[in-house]
Every structure is written in structure tokens, then in C-alpha cells.
Amino acid sequence: MSAAPGRPKQASAPSRGSEDTSVPSVGATPLLQVTDLRKHFFAPRRWIGAAKPPIQAVDGVSFSVARGETLSLVGESGCGKTTTAKSVLRLIEPTSGSVKLDGEELLGLSAAQMRAHRRHLQIIFQDPYASLSPRLNAGEIVAEPLRNFGDWSAAQRHERVQWLFSKVGLRPDAARKFPHEFSGGQRQRLGVARALALGPKLIVCDEPVSALDVSVQAQVVNLLQDLQNEFGLAYLFVAHDLAVVRHISHRVAVMYLGHIVEVADRDTLFRAPLHPYTESLLAAVPLPDPRLRRQRILLQGDLPSPANPPPGCRFHTRCPLAQAICKEQRPALTQRSVNDQGGQWVACHLR
Ligand code: SF4
């Protein structure tokens with residue numbers, strides 16, 4: 001296998017086993033540790049009338065990602081998964097909390113200090129066309145991070161771009177083409193190559209295949225897995241398509257109205273979900289065999305407003321199992337079973 005020009009191969013495969021009992025995690029030294037992360041959006045002050053309550057898009061979220069691991073964030077639109085992911089990267093400035101990469105706190109760093117960490121944290125966007133400059137050709141797009149970070153000569157950049165193209169399955173002569181000349185899948189491969197350019201440790205994948213044809217989705221997902229195996233990449237994978245999530249994830253965190261309500265390894269979560277909201281999400285996934293039937297769990301009502309979330313368990317207004325306690329006390333995310341993949345964590349008074 002060809003070596004990465006100018007870049008050492010990353011460490012691979014997480015060690016398994018959890019020491020931290022307060023944050024769902026795998027491995028004693030996670031690559032990414034997020035603790036009590038909050039992002040509240042405040043409305044502009046008005047001269048007359050009461051101030052509007054803040055939108056609590058993310059409200060006390062804790063999780064970790066190990067080296068070489070894929071942790072998926074799932075949930076309905078508006079649950080806070082994309083805001084969480086962008087807050088980790090500080091593309092959105094979090095209101096409070098802690099985000100540590102390799103043990104180093106990122107929140108509170110100045111822009112200049114943060115720049116040193118940017119090369120380790122990259123993102124692949126949902127819409128590859130919108131995320132690629134139409135004025136640059138493909139080679140320039142992939143070389144852009146190399147120009148912005150580090151001290152690469154033109155020859156080194158050229159060699160690196162050629163290598164990146166080969167890694168994502170693009171022909172070297174495609175470097176002269178412009179984004180509109182590529183198919184959707186090829187454009188997302190370009191986005192992957194750009195994210196890989198600086199040899200990151202963690203890539204946030206924000207719905208990376210949801211804008212692609214179904215036939216192309218599997219190719220891009222398989223590419224991401226191959227790259228993870230080769231370079232020990234960690235992915236924070238934001239998605240709503242549970243079939244994709246099931247395929248690519250090591251662990252899955254389910255979000256509802258700014259909270260994580262369940263975290264478990266992929267197989268446990270899909271086989272034996274504990275939180276009623278997780279059950280309802282999984283019940284909505286079509287089964288491949290039409291003879292199989294799954295019990296439908298119909299949620300009552302709409303997702304409440306994050307500007308005025310229900311007290312207690314935020315899911316109680318829609319939960320078929322809700323009791324009196326659910327309206328008064330917020331259930332803590334606690335570990336319900338232990339295994340070598342971090343165990344199963346649930347926030348529910350009854351489960
Ligand atoms: Fe439902 Fe109560 Fe559990 Fe919330 S705490 S998920 S309302 S049973």
C-alpha cells in the first residue's frame with residue numbers, strides 16, 4: 001500500500017474498556033471527550049416586552065469518541081445532533097461545557113490557538129456541491145487546506161493531491177475538472193479527499209450521504225470505512241438514515257430535544273433498545289422482508305419547542321409509558337449494562 005506523502009500513518013484500533021462512569025465512552029483515553037456541552041441560542045434583545053427564552057438546542061450533552069471509532073448521533077430533525085457536531089468543531093461557538101481532543105481543552109482557545117488543532121478536526125458536509133468552490137478546480141480544492149496549513153511546496157502539494165485522489169477512488173486527471181463536471185458521488189469523494197488532506201484524527205461527517213442516490217450511498221460509506229481502517233480515523237457521524245447508521249457505526253447516541261437519551265454499541269442498540277424514543281425510531285425503519293412485522297410505536301404530538309422544553313423528562317409529552325415522576329424529574333443518563341464496547345446508557349425512569 002502506498003505511503004501518505006509527508007504524513008505518518010495514524011495510530012489505529014481503540015483499546016476497549018471503560019473507566020469513566022459519568023460519560024458514555026470506550027477506552028480509558030478517548031480521542032474526543034465532550035462533557036456537559038450546551039448551545040443555547042439567544043434572541044436579540046428587544047426594547048419592549050419580555051426577553052424571549054433561549055433556544056436550548058444542545059443542553060448538557062456528554063460523550064466520547066475513541067481512536068478509530070465511529071460514534072453516530074441520531075434523532076429527528078431539530079434534536080440538536082448537527083448543532084452538537086458543529087459545536088465540537090467550534091464552527092458554532094458553544095455556550096458552555098468541555099471539548100477535549102487528546103486531553104487538551106478546545107473551548108476557550110483563541111482563534112490562533114484553535115488553528116493549531118484544526119488540522120486534526122475536519123468535516124465532511126451533507127451537500128458536496130454547496131461545500132465546494134465552483135471557481136476552483138478539483139486539484140485546487142483538495143490542495144486548499146495544504147496551502148492554508150503547513151509548509152508545503154508546490155511539488156509536495158501536487159504529489160499529495162495525486163495521492164489523495166487515488167485514496168478516494170478518483171482518477172489523477174480529474175484534478176483539472178471543476179465541481180460541476182462531477183457526479184454527486186464523485187463530488188462527495190472530493191469532499192472526503194479535502195477532509196483527509198491534513199491527516200486528521202477525527203472527521204465530523206454531517207449527513208455525508210443523505211444527498212446522494214441510494215446506489216452511490218453504499219460506495220461512499222464503504223470508502224469511509226476503508227479509510228478508517230487504513231488510517232485509524234475516528235468519525236462523529238451525524239445521520240437520520242438508520243440503515244446507514246447501522247452499517248457504519250461502532251456505537252450510537254440517540255438525541256431528543258437537545259439531550260442524549262440512549263447510548264449503546266450498534267448491535268445492542270438495534271437488537272434491544274431501552275429508551276421508548278429509541279424504540280419508536282427503530283420501529284419506523286422498514287424491514288427488508290415484507291413478511292416480518294414489527295410493533296409500531298406511534299408518538300403523540302410534535303417535537304416540543306427547544307425554547308420551551310417540557311420539564312422533567314423532555315420526552316414525557318410524547319411517551320406512551322410516561323408516569324407522574326416523568327413530568328417532574330429529569331432522568332439521568334446512567335449505565336444499565338456493561339460490555340467491552342462501553343455498555344448501554346439510558347435516560348429513563350422506567351427502563
Ligand atoms: Fe418515558 Fe418517563 Fe422514560 Fe421519559 S422517563 S422516556 S417519559 S417512561
Side-chain angles (χ1 to χ4, degrees), residues 14 16-40 54 56-67 69-75 79-109 121 201-202 204 234-239 245 249-266 268-269 273-275 277-278 306 309 312-315 329-339 341-349 351:
R16 303 287 178 184
S18 174
E19 283 187 346
D20 194 324
T21 56
S22 62
V23 178
S25 63
V26 177
T29 54
L31 173 67
L32 178 74
Q33 180 98 30
V34 176
T35 309
D36 203 19
L37 185 72
R38 290 168 203 271
K39 178 59 192 176
H40 295 180
Q56 302 172 27
V58 178
D59 195 44
V61 162
S62 300
F63 61 87
S64 72
V65 185
R67 288 164 218 285
E69 182 189 33
T70 300
L71 175 74
S72 291
L73 295 178
V74 304
C79 71
K81 54 189 189 298
T82 293
T83 304
T84 298
K86 289 185 174 175
S87 297
V88 166
L89 294 176
R90 293 187 62 194
L91 298 180
I92 296 174
E93 199 57 45
T95 305
S96 64
S98 167
V99 176
K100 290 183 178 174
L101 183 73
D102 259 340
E104 191 162 346
E105 181 64 56
L106 300 184
L107 303 194
L109 294 183
L121 289 167
K201 297 175 180 176
L202 182 133
V204 169
Y235 295 137
L236 182 57
F237 196 90
V238 176
V245 167
S249 308
H250 293 102
R251 288 187 302 138
V252 181
V254 181
M255 289 191 69
Y256 183 80
L257 211 56
H259 289 171
I260 289 180
V261 298
E262 182 159 7
V263 184
D265 60 276
R266 183 255 323 263
T268 299
L269 190 108
L274 285 179
H275 197 281
Y277 179 62
T278 313
C313 173
R314 289 189 172 183
F315 187 54
Q329 291 181 23
R330 175 182 171 179
L333 188 65
T334 51
Q335 193 165 21
R336 300 300 158 85
S337 66
V338 179
N339 61 22
Q341 294 171 292
Q344 189 167 19
W345 297 64
V346 183
C348 176
H349 292 304
R351 294 287 177 84

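These figures come from a predicted structure and were not determined experimentally.
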Rounded distance (nearest 0.5 Å) linking atom NE2 of H40 with atom CG of D59: 3.5 Å

Taking every non-hydrogen atom, the tightest pair across A234 and A66: CB-O, 3.5 Å

Minimal non-hydrogen separation, A85 against V204, with atom names: CB-CG1, 3.7 Å

Test item: Q341 side-chain N/O and H250 main-chain N/O as donor-acceptor pair under 3.5 Å: no

Donor-acceptor under 3.5 Å (Q344 side chain, E262 main chain): no

Test side chain to side chain contact (heavy atoms under 4.5 Å, CB included) applied to L71 and V34, V65, L202, the passing residue: V65

Presence of salt bridge, R251 and D265, under 4.0 angstrom: no

Sidechain-backbone polar pair: H275 side chain, C348 backbone, donor-acceptor under 3.5 Å: no

Between OG on residue S87 and CD on residue E93, distance to nearest 0.5 Å: 8.5 Å

Minimum heavy-atom distance Q33-S64, with the two atoms named: OE1-CB, 4.1 Å

Side-chain donor or acceptor of T35 paired with backbone N/O of S62 under 3.5 Å: no

Pairwise side-chain contact, L269 with V254, heavy-atom cut-off 4.5 Å (strictly under): yes

Side chains of I260 and W345 in contact at under 4.5 Å (non-hydrogen atoms): no

Whether K81 side chain and M255 backbone form a donor-acceptor pair below 3.5 Å: no

Side chains of L37 and F63 in contact at under 4.5 Å (non-hydrogen atoms): no

Heavy-atom check, side chain of T95 versus side chain of K39, under 4.5 Å: yes

Test item: S249 side-chain N/O and R266 main-chain N/O as donor-acceptor pair under 3.5 Å: no

Distance (rounded to the nearest 0.5 Å) between K201 NZ and L121 CG: 9.0 Å

Considering all heavy atoms, the nearest T278-P273 contact: CG2-CB, 3.7 Å

Expected output: side-chain H259 to main-chain R330 donor-acceptor under 3.5 Å: no

Closest approach of S98 to E105 (non-hydrogen atoms, all atoms of both residues): OG-OE1, 2.6 Å

Within-4.5 Å side-chain heavy-atom neighbours: V261 and V346: no

R90 side chain reached by L109 side chain, heavy atoms, under 4.5 Å: yes

Qualifying residue, where the test is side chain to side chain contact (heavy atoms under 4.5 Å, CB included) with L73 and the options are V263, T82, L236, V252: L236

Over all atoms of both residues, closest heavy-atom pair of A239 and V245: CB-CG2, 3.7 Å

Backbone of G258 reached by a side-chain donor or acceptor of R314 within 3.5 Å: no

